Structure formats: C-alpha cells, structure tokens
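What follows is a set of notes on a single structure, which appears directly below.
Every value quoted in this text rests on a predicted model; they were computed, and no experiment measured them. Below, read A as the first sequence line, B as the second, and so on, with proteins coming before strands; counting in each chain starts at 1. Below, each value reflects all heavy atoms present in this structure, side chains not excepted, and no hydrogens, waters or symmetry copies.
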Number of protein chains: 2
Amino acid sequence: MAEGGRARRVTMLDVAEAAGVSYQTVSRVINHHPSVKPETRARVLDLIKQLNYRPDRAARSLAAHRSWTLAVISCGIEFYGPMQMLINIEHSAREAGYDVLNANLGLHQGNSLHSALDRLFSWRVDGALLIASVAAQSAEHVIAQLSGTPLILIDTAYGSSAPSVIIDQHAGGVAAARHLIDLGHREIALICGPVDWYGALTRREGWVAGLRDAGIAPALIEMGDWTPASGYQAAARIVDAGARCTGLLVGNDAMALGAISALKARGLAVPGDVSVTGFDDMPESAYFDPPLTTVAQDFSALGRQGMAYLIELIGDPEAANGQRLIPPRLVVRASTAARA
Amino acid sequence: MAEGGRARRVTMLDVAEAAGVSYQTVSRVINHHPSVKPETRARVLDLIKQLNYRPDRAARSLAAHRSWTLAVISCGIEFYGPMQMLINIEHSAREAGYDVLNANLGLHQGNSLHSALDRLFSWRVDGALLIASVAAQSAEHVIAQLSGTPLILIDTAYGSSAPSVIIDQHAGGVAAARHLIDLGHREIALICGPVDWYGALTRREGWVAGLRDAGIAPALIEMGDWTPASGYQAAARIVDAGARCTGLLVGNDAMALGAISALKARGLAVPGDVSVTGFDDMPESAYFDPPLTTVAQDFSALGRQGMAYLIELIGDPEAANGQRLIPPRLVVRASTAARA
DNA sequence: AGACAAAATGTGAAGGTTCACATGCCGCCT
DNA sequence: AGGCGGCATGTGAACCTTCACATTTTGTCT
C-alpha cells in the first residue's frame with residue numbers, strides 16, 4: 001500500500017486464483033449458495049479474510065439489479081417523534097442486513113422531494129420507507145415516482161389503506177382525554193400541532209372523540225408548531241382569552257413544557273389549577289416540574305414493524321394489506337390531578 | 001409498464017439513440033463536459049427528461065471509481081448533541097451534492113465498528129466523517145481500515161492533531177465557570193458526563209481551569225450518563241453528601257433538568273440556594289423552571305465546517321491541517337443568580 | 001487556399017459482480 | 001453394466017457507465 005497510485009482493489013478474481021477455484025465459486029461462497037463443498041468454502045473464506053477482500057457493492061448491484069439498500073425519506077426530523085422513528089427504522093434495517101440511504105427533505109420541500117427521489121431511484125434501492133408525517137408530501141407522488149419499488153408509509157394518515165405503520169394516536173388522544181375526564185375535569189382546552197401533520201390531526205380527533213363520549217366539547221382550541229415556544233404562546237393565549245379551563249391537552253411534550261411555563265407565569269398552578277397532558281414521553285418529560293402525564297409511543301416497535309412490513313413487501317409485492325397500528329400507552333405522572 | 005417482468009431500465013444508450021448521438025455524448029452532457037455543442041446538449045437534455053432517464057449510480061461508481069457518496073459514522077445519536085451533528089452534517093453533505101450513507105454504531109459497539117466500516121468501504125465512499133464523541137472508538141482503527149479514504153473527525157479529543165472539527169467545549173466550560181464565579185459563588189460542584197466521552201472530559205477541564213483561575217477547586221465531582229435520570233441521581237448524591245455548594249456546573253441540559261428536579265425535591269431553590277448551568281441549549285431549555293443558563297453550541301456551523309474540511313481533503317489529501325474549533329456561546333437565563 | 005489547432009463527437013475497453021447455462025464427476029438404480 | 005439424477009464447479013455474457021484514445025468537423029491564421 002501507499003504505492004504511489006491508489007492501491008488496486010482486491011477483487012473476486014484475486015481470491016479465486018489464490019484459492020485455486022473460479023471466480024464463480026467465490027461468488028457462490030459469498031452468496032451462501034448451497035452447493036459448494038464445505039472444504040472449498042472454508043478455503044475460500046480463509047483467503048477472503050487473508051486478502052481482506054470485500055465485495056464491491058457497485059458492481060454487485062449493477063449485476064444483480066438490486067442493491068441491498070433501502071431508502072428512508074423523512075421530513076422535519078428536528079422534532080422528537082420523527083427523529084426517533086428515523087433512528088429506529090435505520091436500526092431495524094441494519095439488523096435485517098440492509099444499508100440505508102437517507103433523504104431528509106426538511107419541512108419546506110419545494111421540489112426537493114422530486115430530486116430526492118431521483119437520487120434514491122438512481123441507486124436502485126430495493127425498497128423505501130417514507131416518514132410521511134406531513135400531509136403536504138403527497139405520498140401518491142412518491143409512490144408514482146418510485147414506480148414499483150416497495151414502499152411503506154410511516155406515521156401517515158390514520159386509517160389510510162396504503163401499506164403503512166403508525167402509532168395509534170387516536171387511541172392515545174382518547175386515553176388522554178378520558179384521563180382528564182376521570183379526574184373530574186369538564187372545561188378542557190386543546191393545544192394542537194400544525195394542521196398539516198397527520199399526527200396532530202389524529203391526536204386532536206382522539207381528544208375530541210374522548211370528550212364527546214363524556215358529552216363535552218373542547219373549551220378552546222389553540223395551535224402550535226411543536227416547539228416549546230409555541231406551546232408557551234398558545235397557553236398564554238388561552239389564559240388571556242379568559243377561558244376558564246382546568247384541563248389542557250397538548251399535542252406533544254415540548255409544547256406542554258412551554259404551556260406549563262406560561263401557566264405558571266400567569267400565576268396558575270399545575271396541576272393545582274390546571275391539569276396538563278403531553279404526547280411522546282421524551283426522556284426529559286419525567287423531570288419536568290411537575291413531571292408530565294403524557295402518552296408514550298413505542299418508536300422502537302414502529303421501526304421494527306415498519307421494516308418487517310417492508311421486507312414482506314419486497315418478498316411479495318402483493319402482500320400489501322393496509323395499515324398496521326401500534327398501541328400507545330398513557331403514562332400518568334404529576335401534571336394531572338383531580339379537579340379541585 | 002406493469003409489463004409482466006420488471007420494466008427495463010432506461011439507459012444512456014436509449015437516450016443516445018433517441019437523440020441521434022453516441023452514448024458518450026450523453027455521458028458528456030450528464031457530466032457537464034464543456035465540449036458539447038449547445039444545441040446537442042439541449043436536445044439530449046430534452047430527451048433525458050422525456051424518457052425520464054436517470055443515470056445508474058452503481059454503474060457510474062463502478063466505472064468512475066468514485067461514488068459521490070459520503071459515510072457518516074456515528075454513535076450514541078440518541079443524545080441531543082450527536083444527533084444535531086448528524087442532522088447538520090447530512091444537510092451540508094447534500095448541499096455539496098453528496099449522498100450520505102449512515103452507519104450508526106450504537107454505544108456498545110463490540111465489533112460493530114469493524115463490520116460497519118466493511119460495509120462503507122464496500123461502497124467506495126469518497127470520504128467519511130466520524131462523529132468520534134466516544135473515546136473507545138479508537139479513531140486510528142477507523143483510519144487504518146478506511147485505507148486512504150479522506151476522513152474528518154467530529155467532536156473528538158480537544159487538541160487532537162488529526163483533521164477534525166469540534167466545538168470548543170473547553171472555552172465553554174471556562175465561560176460557565178467564570179459566570180458562576182462572577183456571580184460570587186465559591187463552593188461549586190460538578191456533574192460530568194461519562195468519562196469515555198471526549199466532550200465530557202473537555203467540559204470538565206474547562207470548568208476546572210475556570211475555577212482554578214479564581215483559586216477555587218471543585219467542591220465535589222459527580223458523574224452522570226447524559227440522561228435526566230442520572231442528573232437527578234448525581235445531584236441527589238451531592239446534596240446527601242452534605243456538600244455545601246451554591247453553584248452546580250452540569251455537563252448537559254438534560255442532566256441539568258434532572259439535577260434541578262432533585263434539588264427542588266430536597267427543598268433547595270434554584271437559583272435561590274443553588275445556581276445551575278447546563279450545556280447544549282436544547283430548544284426546551286429556555287422553558288425549564290427556571291429557564292436554564294447554558295452553553296449554546298452551533299451545530300449547524302459544525303456540520304458546515306466539517307463538510308467544507310472534508311471536501312478540501314477529497315480535493316487534496318495533503319490539505320489536512322489539524323483541528324478547527326468552533327466557539328460556543330454562554331446563554332444566561334434564570335437558573336443562575338448572584339450568591340445570596 | 002492550405003494547413004493546423006481546437007472543438008465536437010465517436011469507438012473500444014474496462015470496471016467487478018451475477019445470471020444462465022454448460023460441463024465434469026460421483027453414486028445409485030434396475 | 002448402462003444410464004440417469006444431483007452435486008460441484010466452470011464459462012461466457014450482461015449490467016451501465018467512464019476512461020483513454022481515435023476520428024471527424026469547424027474555425028482561424030497566413
């Protein structure tokens with residue numbers, strides 16, 4: 001090495017010669033083909049290690065028409081939820097032996113979706129996962145452009161019939177609402193996430209459904225953008241509007257943190273005057289003041305199931321059978337209490 | 001399409017025929033080679049769009065010996081800092097026209113580093129960035145195995161002579177310590193991150209250096225694992241040890257949150273009895289109770305500079321010239337106050 | 001007008017793998 | 001003993017580009 005020009009790559013042929021077999025036999029060893037004599041296989045494997053040979057992915061996918069690579073298209077991963085999904089999906093993919101190519105669109109996508117898909121497609125990815133949290137992304141567009149590549153949607157519209165895996169945010173919303181109701185609250189306000197996020201919508205529908213079951217309508221509905229700052233402002237608006245409410249259902253933990261801060265700043269105690277719930281269960285949430293009652297989402301399960309579904313689809317493109325739901329879990333802490 | 005077998009890919013040759021030129025000319029158009037007659041170029045580009053042709057990355061990198069792909073190797077991205085680095089690096093890479101292959105090792109790496117590098121190497125990546133926050137990763141090992149591939153270390157040992165970009169955590173530590181001293185604090189305890197993280201070490205050295213300048217030694221040093229829970233426990237240990245301290249320097253915001261929670265639980269007011277500082281400036285930190293004084297890190301700049309450095313290195317492997325530092329910024333909020 | 005350089009385009013090979021098929025060998029059945 | 005099926009291995013072509021070089025066209029200078 002360090003031989004002036006870049007050292008020539010070790011190729012399958014080098015291994016074959018050294019082992020005294022043909023390149024095809026080496027190929028078979030690599031691909032775990034059954035009909036190779038055990039001793040031949042051993043010899044080849046030995047040489048592979050000795051020569052430090054690594055198959056060339058480019059050549060391999062060129063010849064095989066598949067890349068053992070998956071695409072993960074995401075947006076808005078600056079937020080806790082999507083980020084966790086991404087991490088867990090990648091982890092599951094790797095466990096399944098796939099490499100992951102990541103296209104991160106950012107929220108203001110313009111035609112970046114198009115170019116991102118171009119990029120991924122040009123890699124001949126074997127499949128794709130789209131973290132389709134945001135409605136504007138028009139999953140159909142993706143599907144069309146991927147032209148036949150198996151695709152799983154993650155965190156998309158509740159009830160979508162496309163192959164998708166989502167956490168059952170509706171159930172989570174219902175659970176949170178019911179929790180407040182059980183504590184005796186009747187005047188309950190909502191702080192939702194941005195309307196173009198499916199999750200925000202579904203959580204809200206869950207809340208409303210939960211309230212309706214008890215014959216209650218939301219006292220007030222405000223909107224935030226998932227950030228603590230927006231949660232602060234939304235809560236401030238609620239208080240300043242003079243709405244008398246003793247319960248506050250918030251779309252995620254970060255906004256809940258901001259909301260609690262605003263309530264305190266206005267002289268309201270949590271949960272003394274107002275009970276607050278969040279959504280996500282970030283590691284921090286248990287250490288908020290007060291510790292936050294929230295809806296925990298099993299992102300790890302989401303990642304695993306998403307991958308499992310995708311692998312099914314890669315194996316048999318006809319296997320698509322709609323949406324799979326992952327149940328959330330209500331975590332009760334000290335930010336909610338019985339109505340005074 | 002949907003023609004039974006998988007639709008044949010549109011190739012350069014298809015475009016060439018349609019445009020009435022040779023495949024080489026199409027190649028030249030794609031690669032922005034100067035000597036192509038403008039009208040020919042226009043015709044070819046038109047056909048490319050019409051036929052929806054996309055160059056095949058696998059074939060391209062096989063032939064060209066480069067992939068326009070970068071590897072980002074990371075570990076522990078479940079934490080805020082490394083995660084932000086990752087996001088920003090990917091973003092910068094894409095802006096520079098590179099695709100990013102992501103190898104996420106997780107903390108307990110075993111030989112996963114080895115296999116990860118194998119994977120990346122087999123892709124013929126043009127360069128690599130290693131988020132080398134954790135010492136155990138032995139960057140040398142990576143460098144050796146990458147055998148000549150340009151590599152930049154991110155968030156590694158302070159003062160390392162390897163091509164690297166880090167945020168100047170030492171300066172950040174000094175600033176935090178000096179801040180407490182300026183407020184009149186003299187008994188100051190430390191809650192550090194795990195010792196195998198370079199950043200934890202450097203922050204601590206910064207704190208100690210800052211205190212030493214004022215002739216002060218740390219009252220007590222505790223350790224956490226970056227999580228809020230560990231911050232809680234560390235602070236609890238400090239209080240329970242009976243150490244009288246009025247200042248608490250914490251290794252990151254998450255642990256600071258936990259620490260504040262523990263202090264309150266022990267009846268100590270923040271900042272009334274104890275002033276607390278963090279590190280990171282997460283979006284949540286401004287909404288803690290009290291809002292956290294912390295050291296903000298410019299992860300975006302880190303990502304940009306890391307990529308810029310790597311591109312220099314890819315262009316000229318001899319361009320390596322040591323470590324580049326990005327200054328942090330002390331953000332003073334309400335968790336610190338003058339000593340009573 | 002002729003010659004020569006530069007621009008524009010084309011040709012053959014190579015890159016490292018997999019696929020489809022062909023071959024050689026052995027054991028077993030009737 | 002002849003033949004046949006299965007296992008183990010080898011051969012040629014294909015995948016889609018880029019590179020190095022060859023060739024044709026265009027333009028310019030004297």
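The residue B:Thr40 sits close only to the backbone: its heavy atoms come under 4.0 Å of sugar-phosphate atoms, none of a base. Backbone-only engagement by A:Arg124 is indicated by non-hydrogen atom pairs under 4.0 Å involving sugar-phosphate atoms exclusively. Within the nucleic acid shown, A:Ser35 comes within 4.0 Å of at least one base atom, counting heavy atoms only. As judged by a 4.0 angstrom heavy-atom cut-off over every strand, A:Arg41 is placed among residues making no nucleic acid contact. If you check every strand for non-hydrogen atoms under 4.0 Å, B:Arg28 touches a base.
Contact annotation: A:Ser22 does not reach the phosphate of D:dT9 (side-chain N/O to OP1 or OP2, under 4.0 Å). Regarding contacts with the backbone of C:dT17, every side-chain N or O of A:Ser61 stays at 4.0 angstrom or more from both OP1 and OP2. Contact annotation: A:Tyr53 side-chain N/O to C:dT17 OP1/OP2 distance is under 4.0 Å.
Between B:Glu39 atom CD and C:dT9 atom P there is a gap of 8 Å when expressed in whole angstrom units. Rounded to an integer number of Å, the gap from CD1 of A:Ile30 to C1' of C:dG16 is 10 Å. Between A:His65 atom NE2 and D:dT17 atom P the separation is 12 Å, expressed in whole Å. Between A:Arg60 atom CZ and C:dG16 atom C1' the separation is 11 Å, expressed in whole Å. When rounded to the nearest whole Å, the span between CZ of B:Arg54 and C1' of D:dC15 equals 18 Å. Rounded to an integer number of Å, the gap from CG of B:Asp56 to C1' of D:dC16 is 6 Å. If you measure from atom NE2 of A:His33 to atom P of D:dC7, you get 9 Å, rounded to the nearest angstrom. Atom pair B:Trp123:CH2 and C:dT17:P shows a separation of 13 Å (rounding to whole Å applied).
The side chain of A:Asn31 approaches C:dT18 more closely than any other nucleotide in the set D:dT18, C:dG15, C:dT18. Residue B:Gln24 places its side chain closer to D:dC19 than to any other of C:dT17, D:dC19, D:dT18. The side chain of A:Lys37 lies closest to D:dA8 when the candidates are D:dT18, D:dA8, C:dT17. Listed nucleotides C:dT9, D:dG10, C:dG16 differ in distance to A:Ala63; the shortest reach to its side chain belongs to C:dG16.
Side chain of A:Asn31 to backbone of A:His33: no donor-acceptor contact under 3.5 angstrom is found.
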Working for side-chain hydrogen bond (donor to acceptor under 3.5 Å, both in side chains), residues A:Tyr23 and A:Asp14: CA-CA 8 Å; A:Tyr23 54 87; A:Asp14 300 324; over 6 Å; no
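Note that B:Arg66 lies in the cation-pi zone of B:Trp68, set by a 6.0 Å cut-off to the ring centre and a 45° limit from the axis.
Of the charged side-chain nitrogens involved, none lies within less than 4.0 Å of a carboxylate oxygen, so that A:Glu39 and A:Arg43 do not count as a salt-bridged pair. B:Arg324 and B:Glu312 are joined by a salt bridge, as a carboxylate oxygen and a charged side-chain nitrogen come within less than 4.0 angstrom of each other.
No hydrogens or angles were tested; on distance alone, nothing pairs the side chain of A:Tyr23 with the base of C:dG15 as donor and acceptor under 3.5 Å.
Residues B:Gln323 and B:Ser160 have side chains that never bring a donor and an acceptor to within less than 3.5 angstrom of each other.
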